[in-house]
Amino acid sequence: MNNDPADLFLQDIRIQARKLKELADKALAQVRDEDLSVTLDPESNSLAMIVQHLAGNLRSRWTDFLTSDGEKPDRNRDSEFEERGKTRADLLASWEEGWARLFETLDSLAVEDLGKTVLIRSEPHTAVQAVNRGVAHAAYHVGQIVLLSKHFASGDWRTLSIPKGKSRDFTEAMHRKER
């Protein structure tokens, strides 16, 4: 196993990004189609808006990551927060495309790329900074997706982590595995 910190970073960020998508996918699968466009109040975003926004962000930021500005000229960020009446299939198609761009880029990055300069809205970042910024942004919105999905699924919600009141049982089971 390679213990080079830069290589370990690349390995881990790939794993963490895939875990984020899996978490969001499992949450969205528990929501009825009609709940995708519901907002909790006039200032809130619906699940559909968050999915549209994150898909647009992922497509823009991770396309030609090392060679072009992360804010692509054809992206219309403001429209991502408008209700478009898209079907679940339409939303998920753009969602999958955005995540595919992220995964393809992360999988293609080499240790030598990490110090390169990447632009986001003309602001220079190291590739490490841009990767961390992008994955942190995705995590922020995945958290929103999980919260809203849990709200809409309500009593039918199937937990995505350790169930309430089961932390001790989980920890004990993990300790038994170590032995």
Side-chain angles (χ1 to χ4, degrees), residues 2 4-31 33 35-37 45-149 160-161:
N2 184 350
D4 173 49
D7 192 55
L8 292 171
F9 168 76
L10 285 173
Q11 291 173 40
D12 189 58
I13 203 72
R14 292 171 183 140
I15 291 166
Q16 298 308 318
R18 283 176 170 80
K19 285 181 179 180
L20 285 174
K21 182 179 184 297
E22 180 182 3
L23 192 64
D25 287 344
K26 287 180 177 180
L28 288 168
Q30 297 187 55
V31 177
D33 290 357
D35 290 329
L36 291 171
S37 60
N45 293 318
S46 68
L47 283 164
M49 290 174 190
I50 297 167
V51 167
Q52 288 173 164
H53 167 64
L54 189 50
N57 176 275
L58 292 170
R59 183 196 58 78
S60 186
R61 294 290 188 266
W62 299 100
T63 299
D64 302 325
F65 176 73
L66 293 172
T67 58
S68 70
D69 193 300
E71 189 64 16
K72 303 298 183 278
D74 65 340
R75 181 179 182 207
N76 183 349
R77 183 185 179 278
D78 291 335
S79 73
E80 296 164 6
F81 296 99
E82 296 170 1
E83 191 55 51
R84 297 182 185 175
K86 287 186 171 183
T87 66
R88 179 185 291 265
D90 292 337
L91 288 168
L92 293 181
S94 61
W95 172 258
E96 292 297 332
E97 178 191 355
W99 284 100
R101 299 274 175 101
L102 167 64
F103 298 146
E104 288 166 12
T105 299
L106 291 179
D107 290 344
S108 73
L109 289 177
V111 169
E112 306 79 54
D113 296 324
L114 296 179
K116 291 181 179 177
T117 299
V118 174
L119 297 178
I120 301 174
R121 292 194 179 106
S122 300
E123 182 184 345
H125 298 69
T126 64
V128 169
Q129 291 170 321
V131 166
N132 282 331
R133 177 178 169 167
V135 173
H137 179 259
Y140 171 81
H141 289 302
V142 167
Q144 292 176 320
I145 288 168
V146 171
L147 177 73
L148 286 172
S149 296
L160 305 176
S161 62

*For S37, check side-chain contact (heavy atoms from CB on, under 4.5 Å) against everything at least two apart and list the hits.*
E83
*asked:* Under the rule for side-chain contact (heavy atoms from CB on, under 4.5 Å), what residues qualify as partners of S60, not counting sequence neighbours?
replied: E71, K72, R75
*Are any of the side-chain heavy atoms of K19 and R14 separated by less than 4.5 Å?*
no
*State, with a plain yes or no, whether a side-chain heavy atom of L8 is found less than 4.5 Å away from one of D12.*
no
Minimal non-hydrogen separation, [X] against [Y], with atom names:
{"X": "W99", "Y": "A138", "answer": "CH2-CB, 4.0 Å"}
{"X": "V142", "Y": "L23", "answer": "CG1-CD2, 4.0 Å"}
{"X": "K26", "Y": "L160", "answer": "CB-CD2, 3.6 Å"}
{"X": "L91", "Y": "S94", "answer": "O-OG, 3.0 Å"}
{"X": "T126", "Y": "L114", "answer": "CB-O, 3.9 Å"}
{"X": "I145", "Y": "V51", "answer": "CD1-CG2, 4.3 Å"}

*Audit row: V131, L109, side-chain contact (heavy atoms from CB on, under 4.5 Å) steps and yes/no*: CA-CA 10 Å; V131 166; L109 289 177; 3.9 Å; yes
When rounded to the nearest 0.5 angstrom, what is the spacing between [atom1] in [X] and [atom2] in [Y]?
{"X": "S149", "Y": "D35", "atom1": "OG", "atom2": "CG", "result": "9.0 Å"}
{"X": "H137", "Y": "N132", "atom1": "NE2", "atom2": "CG", "result": "14.5 Å"}
{"X": "H141", "Y": "I50", "atom1": "NE2", "atom2": "CD1", "result": "7.5 Å"}
{"X": "E104", "Y": "T63", "atom1": "CD", "atom2": "OG1", "result": "8.5 Å"}
{"X": "D107", "Y": "L10", "atom1": "CG", "atom2": "CG", "result": "10.0 Å"}

*So, is the end of the R18 side chain (NZ or CZ) under 6.0 Å from the ring centre of F103 and within 45° of the ring's axis?*
yes
Are the side chain of [X] and the backbone of [Y] linked by a donor-acceptor contact shorter than 3.5 Å?
{"X": "D113", "Y": "A110", "value": "yes"}
{"X": "Q52", "Y": "L47", "value": "no"}
{"X": "D4", "Y": "D7", "value": "yes"}

*asked:* Looking at Y140, I want to see if its OH is surrounded by more than 12 non-hydrogen atoms of other residues, nucleotides or ligands under 6.0 Å.
replied: no
*Starting from the C-alpha separation in whole Å, work towards a yes-or-no answer on side-chain contact (heavy atoms from CB on, under 4.5 Å) for D74 and R59.*
CA-CA 11 Å; D74 65 340; R59 183 196 58 78; 3.6 Å; yes
*Worked check of side-chain contact (heavy atoms from CB on, under 4.5 Å) between W95 and L58*: CA-CA 9 Å; W95 172 258; L58 292 170; 5.7 Å; no
*Stepwise, does the side-chain contact (heavy atoms from CB on, under 4.5 Å) test hold for L20 with V135?*
CA-CA 9 Å; L20 285 174; V135 173; 3.9 Å; yes
*Report the C-alpha separation of T105 and R61 in whole Å, then their side-chain angles, then the decisive distance to 0.1 Å, and conclude whether the side-chain hydrogen bond (donor to acceptor under 3.5 Å, both in side chains) test is met.*
CA-CA 10 Å; T105 299; R61 294 290 188 266; over 6 Å; no
_N-O pairing of R101 and E96 below 4.0 Å_ = no
*Short side-chain donor-acceptor distance under 3.5 Å, E80 and N76*: no
_Under a 3.5 Å threshold, yes or no: a donor from one side chain and an acceptor from the other, between N57 and W62?_
no
Hey, can you pull the donor-acceptor pairs under 3.5 Å for the side chains in residues 118-125, sequence neighbours left out?
from	atom 1	to	atom 2	distance (Å)
H125	ND1	E123	O	2.9
H125	NE2	R133	NH1	2.9

